[in-house]
Amino acid sequence: MEFEPEIVIFCCQYCTEAADTAGASHLGYPANIKLMELPCSGKISIIYLLKAFEEGADGVCVIGCEEGACHFLRGNLRAKKVVEYTQKILEEIGINKERLKMFNLSSLESQKFVQISKEITEKIRELGPIF
Amino acid sequence: MIIAERKPIKEIEKMIMPYKKVLIVGCNTCVTICMAGGEKEVDILASSLNLLFKSKHKEIEFIKRVVERQCEKEFVEELKEDIASVEAVLSLGCGVGVQKIVEVFPHIPVYPGLNTKSIGAPEEEGVWKEKCVACGDCILDKTGGICPIARCSKKLLNGPCGGSQDGKCEIDKNLDCAWQLIYDRLKLLGKLDQLEEIIPVRDWSKANDGGPREVIREDVRLKNGK
Ligand code: SF4
Ligand code: SF4
């Protein structure tokens, strides 16, 4: 049987709209995705990301608004740095940093949301189970 | 404040590998401010180690605690019950914190999770810089309040050296020349004439080369019947 990865997506409230629209427009995205809504991607922290892996995620990503378009000005830039720092920790403990990724989109881009969720699912399927 | 940073996780892994249950202890003071050993870092390290050992099919149980100041016996004593339930302690305090736990609980192995780097200050978000090396005989009064011992690469007492260029140190172009800073500050204060005074050779016996130093206030001592 093909490996079905567990994916957790931390998504800012505006980008979550893209996921909602995708659902409402019957643009299916993979069922293995768990969506966690944050008020802003800048709310993400190292511990949320590590805990997601600890709780069984094979892949984790953070989605925030396009750079320059964060509703809280710099939240998405902060999220990017937190993701990069956490990737370093993953490398230190021997986990492929590709399992964690940051994406940017706008609340209108439901197509792009679907594409990202498929892309990350494919990538993680290729990498196999985390443990 | 004391500035520290986390040791590489692989190094920490080796220290705690032989145990099944380990207490990770952070400190709420300096190392919380420099984001090396506070509550968040204790969580992050425990989580990282959990993932690391999971990938190696090994399990170590972690208890997580943070004490107010790991360098003081009264706060460290609060760990008594937790320590009784584990095989080893991983300290996320500075080197003083580690040693205080050892003094209070001599029978349990205690390991350092941090590298203690310096006495310094937050410079900007995410940057901490060394400012003082606790030389034991402060000369900041003579140097415009900028320490040449901690901040000049050659610890010159009468600088600058010939390598000072455009305000930067010849040892590292990213480093401000401490003696340029001293000059600028004294100029600002209108006290450049202070530089005419030669600072004499120091009495280094007050620094830490002669073993650990001690500060005693007899009026507050309770021990030894004094
Ligand atoms: S002169 Fe000595 S005590 Fe004063 S700041 Fe420099 S190192 Fe510290
Ligand atoms: S350039 Fe300045 S800081 Fe560097 S060694 Fe010389 S005097 Fe010291």
(request) Check whether any side-chain heavy atom of B:Pro112 lies under 4.5 Å from a side-chain heavy atom of B:Ser91, and answer yes or no. (result) no

(request) Please flag which part of A:Phe131 lies under 4.5 Å from any non-hydrogen atom of chain B: side chain, backbone, both or neither. (result) side chain

(message) Heavy-atom cut-off 4.5 Å, strictly under: side chain, backbone, both or neither for B:Asn50 against chain A?
(response) side chain

(message) I need the single residue from B:Lys7, B:Glu5, B:Glu11 that forms a side chain to side chain donor-acceptor pair (under 3.5 Å) with B:Asn115. Which is it?
(response) B:Lys7

(message) I'd like to know if B:Arg151 pairs up with B:Glu130 as an ion pair, taking the criterion as any Lys NZ or Arg NE/NH1/NH2 lying under 4.0 Å from an Asp or Glu carboxylate oxygen.
(response) no

(message) Under 4.5 Å from any heavy atom of chain B, what part of A:Leu50 do you find: side chain, backbone, both or neither?
(response) both

(message) Looking only at heavy atoms and a cut-off of under 4.5 Å, which of A:Ile93, A:Ile130, A:Ile46 has the most pairs with chain B?
(response) A:Ile93

(request) Can you see which heavy atom on B:Ile9 is nearest to which on B:Arg6, and at what distance? (result) CG1-NH1, 3.1 Å

